[in-house]
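To start, the structure itself, in structure tokens.
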Amino acid sequence: MNQNQNQNQNQQSSEGRNDDDAALSEFLASLMDYTPTIPDELVEHYLGKSGFQCPDVRLIRLVAVATQKFVAEVASDALLRCKARQATVVKDKRDKQQKDKRPILTMEDLSKALHEHGVNVRHQEYFADSPSTGMDPAARDE
């Protein structure tokens, strides 16, 4: 009796794997017809810089789609933070009428959204007090 149950379980798991394999194959085939927002050449360039070489266009497009999804999620989270921040400012300043209600995304909004996704961003301090600010470092010594 136990042997029959094991055979049924093995048969069901192999059928499930076949379904998964078929779905994966279908998805990879659909990537050939899809043109992602991020160009294949750009993805290939950065994959090459990281030491990854792959001649399969489907894999390049899979990375492009994953990157596109990541960027969209981060942008959406940053926009939500921005709107929440601006909503609290409007509540604090009810007396003033705001003519321009467009959201203004700040580096702080983006940094916090990226941090939620595991990317730590430290932006450099910018000092405009020095006459050499913004100059090429080699030109500063002269």
Side-chain angles (χ1 to χ4, degrees), residues 3-142:
Q3 190 176 13
N4 287 338
Q5 288 176 346
N6 287 339
Q7 286 176 348
N8 287 338
Q9 287 177 350
N10 288 339
Q11 188 177 18
Q12 288 174 354
S13 66
S14 68
E15 287 174 6
R17 274 187 250 136
N18 289 339
D19 290 344
D20 290 344
D21 291 345
L24 179 61
S25 296
E26 184 180 327
F27 175 70
L28 289 174
S30 71
L31 287 175
M32 291 303 294
D33 299 330
Y34 178 72
T35 305
T37 304
I38 302 169
D40 293 343
E41 295 80 14
L42 184 65
V43 175
E44 286 177 13
H45 170 75
Y46 282 105
L47 286 175
K49 282 184 78 167
S50 68
F52 183 80
Q53 297 294 327
C54 181
D56 191 356
V57 175
R58 297 174 304 172
L59 187 58
I60 301 296
R61 290 194 180 159
L62 181 62
V63 171
V65 169
T67 304
Q68 182 177 338
K69 181 182 182 303
F70 176 76
V71 169
E73 285 179 358
V74 169
S76 176
D77 290 350
L79 181 62
L80 289 174
R81 287 185 168 282
C82 174
K83 287 181 178 179
R85 178 180 44 80
Q86 287 182 333
T88 58
V89 170
V90 170
K91 288 179 184 176
D92 293 342
K93 299 179 181 180
R94 290 185 183 181
D95 298 336
K96 295 184 179 182
Q97 293 287 333
Q98 283 191 338
K99 293 180 183 177
D100 190 16
K101 294 187 178 190
R102 291 181 297 171
I104 300 170
L105 188 65
T106 64
M107 187 64 187
E108 183 179 340
D109 299 326
L110 185 59
S111 294
K112 287 181 180 179
L114 282 167
H115 185 72
E116 284 181 4
H117 291 274
V119 178
N120 294 320
V121 176
R122 285 187 250 163
H123 45 279
Q124 285 185 310
E125 297 294 328
Y126 181 75
F127 298 103
D129 298 336
S130 170
S132 63
T133 301
M135 291 178 58
D136 183 28
R140 290 183 191 172
D141 297 335
E142 295 174 0

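The figures that follow rest on heavy atoms only: side chains count, while hydrogens, waters and symmetry mates do not.
- Panel note: side chain Ser76, backbone Ala72; no donor-acceptor pair is recorded below 3.5 Å.
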Please tabulate, one pair per line, all N/O donor-acceptor pairs under 3.5 Å involving side-chain atoms of residues 29-37, not counting sequence neighbours.
{"unit_1": "Ser30", "atom_1": "OG", "unit_2": "Phe27", "atom_2": "O", "d": "2.6"}
{"unit_1": "Thr37", "atom_1": "OG1", "unit_2": "Gln68", "atom_2": "OE1", "d": "3.4"}
{"unit_1": "Thr37", "atom_1": "OG1", "unit_2": "Gln68", "atom_2": "NE2", "d": "3.2"}

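- Evaluation of the side chain to side chain donor-acceptor pair (under 3.5 Å) rule for Lys49 yields no partner, not counting sequence neighbours.
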Steps toward side-chain contact (heavy atoms from CB on, under 4.5 Å) verdict (Tyr46, Ile38): CA-CA 12 Å; Tyr46 282 105; Ile38 302 169; over 6 Å; no
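- Under the side chain to side chain donor-acceptor pair (under 3.5 Å) criterion, His115 pairs with Asn120, not counting sequence neighbours.
- Qualifying salt bridge (Lys or Arg N to Asp or Glu O under 4.0 Å) partners for Asp109, counting only residues two or more places apart in sequence or in other chains: Arg85.
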Worked verdict on Leu59 versus Leu62 for side-chain contact (heavy atoms from CB on, under 4.5 Å): CA-CA 5 Å; Leu59 187 58; Leu62 181 62; 4.1 Å; yes
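- Among residues two or more places apart in sequence or in another chain, the salt bridge (Lys or Arg N to Asp or Glu O under 4.0 Å) test is passed with Lys112 by Glu108.
- Contact annotation: the side chain of Lys83 approaches that of Leu79 to within less than 4.5 Å [non-hydrogen atoms, C-beta and beyond].
- Considering only residues two or more places apart in sequence or on other chains, Asp56 meets the salt bridge (Lys or Arg N to Asp or Glu O under 4.0 Å) condition with Arg58.
- Leu110 approaches Val74 most closely through the heavy-atom pair CD1-CG1, 3.8 Å.
- Separation of atoms SG (Cys82) and CG (Asp77) is listed at 12.5 Å; rounding is to 0.5 Å.
- We find the CG-CG distance between Leu24 and Asp19 to be 12.5 Å, quoted to the nearest 0.5 Å.
- Here the closest non-hydrogen pair linking Glu73 and His117 is OE1-CE1, 3.7 Å.
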